[in-house]
Amino acid sequence: KAGVTQTPRYLIKTRGQQVTLSCSPISGHRSVSWYQQTPGQGLQFLFEYFSETQRNKGNFPGRFSGRQFSNSRSEMNVSTLELGDSALYLCASSSTGGWNTEAFFGQGTRLTVV
Amino acid sequence: GNSVTQMEGPVTLSEEAFLTINCTYTATGYPSLFWYVQYPGEGLQLLLKATKADDKGSNKGFEATYRKETTSFHLEKGSVQVSDSAVYFCAQNYGGSQGNLIFGKGTKLSVKP
């Protein structure tokens with residue numbers, strides 16, 4: 001069974017640009033969550049999608065957005081990039097996203113903003 | 001608000017030493033608690049979990065007990081191996097959804113042969 005796949009693995013962008021990251025969940029999983037990991041702030045929850053609807057959202061500015069497609073694949077977009085957006089972005093999928101279901105993480109996309 | 005605090009690292013141990021990584025949480029209500037592990041260059045993997053007070057999660061020789069009275073979920077292993085070298089994250093869920101995991105800052109463990 002294939003795991004959670006995130007593409008690309010590495011990205012270098014310039015301040016002011018926008019970027020789109022992709023996440024393909026485990027087959028059959030309908031919940032996809034996104035997290036930002038930085039050395040200073042650690043792991044922070046961005047948002048969760050379930051059946052194409054945003055179900056939960058963390059405390060990030062509106063420049064961070066996402067969506068989920070009918071096949072459960074998800075994308076997140078960051079507009080007007082800032083240096084502080086440099087981070088490892090992790091995607092996690094679970095069958096229902098419920099409190100008792102395990103979340104499986106991808107290897108992440110390393111975004112560097114210069 | 002809800003939060004997770006875990007001991008700062010790095011932690012360096014010799015092979016076969018006893019490991020404890022402390023984790024405490026603050027929460028409204030009774031969250032489920034988790035330990036995740038991150039090996040170099042990889043994403044997070046669930047190590048163990050506990051969903052209610054006094055539950056003990058265990059996996060690969062690691063254990064943690066959900067202590068409501070002390071709001072703690074300390075990770076322990078009796079004899080660590082070099083292959084256990086990784087970053088360990090304590091986490092709680094919030095709002096009843098796995099999508100709302102709140103993580104501690106992580107503890108880097110290095111095990112020397």
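Residue numbers start from 1 in every chain, and the chains themselves are labelled A, B, ... in the order their sequence lines are given, proteins ahead of strands. The structure displayed is predicted, hence computed values, not measured ones. Heavy-atom basis, side chains included; hydrogens, waters and symmetry copies ignored.
- The parts of A:Leu43 that come within reach of chain B are both its backbone and its side chain, each placing non-hydrogen atoms under 4.5 angstrom from that chain.
- For A:Leu88, the part sitting under 4.5 Å from any heavy atom of chain B is the side chain, from C-beta outward, and nothing else.
- Looking at A:Gln44, there are no atoms closer than 4.5 Å to chain B (heavy atoms on both sides), in backbone or side chain.
- With a 4.5 angstrom heavy-atom cutoff, A:Arg9 touches chain B only via side-chain atoms.
- With respect to the salt-bridge test (charged N to carboxylate O, under 4.0 angstrom), the residues A:Asp85 and A:Arg63 qualify.
- No hydrogens or angles considered: nothing links the side chains of B:Ser72 and B:Arg67 as a donor-acceptor pair under 3.5 Å.
- Residue pairs meeting the side-chain hydrogen bond (donor to acceptor under 3.5 Å, both in side chains) criterion with at least one partner in residues 4-15 of chain B, sequence neighbours excluded, are B:Gln6-B:Thr107.
- Using the six-membered ring where Trp is involved, A:Phe105 and A:Tyr35 have ring planes that are tilted, between 30° and 60° apart.
- Relative orientation of the B:Phe34 and B:Tyr36 rings is tilted, given thresholds of 30° and 60° on the angle between their planes.
- Of the two parts of B:Gln38, only the side chain, counted from C-beta on, holds a non-hydrogen atom closer than 4.5 Å to a non-hydrogen atom of chain A.
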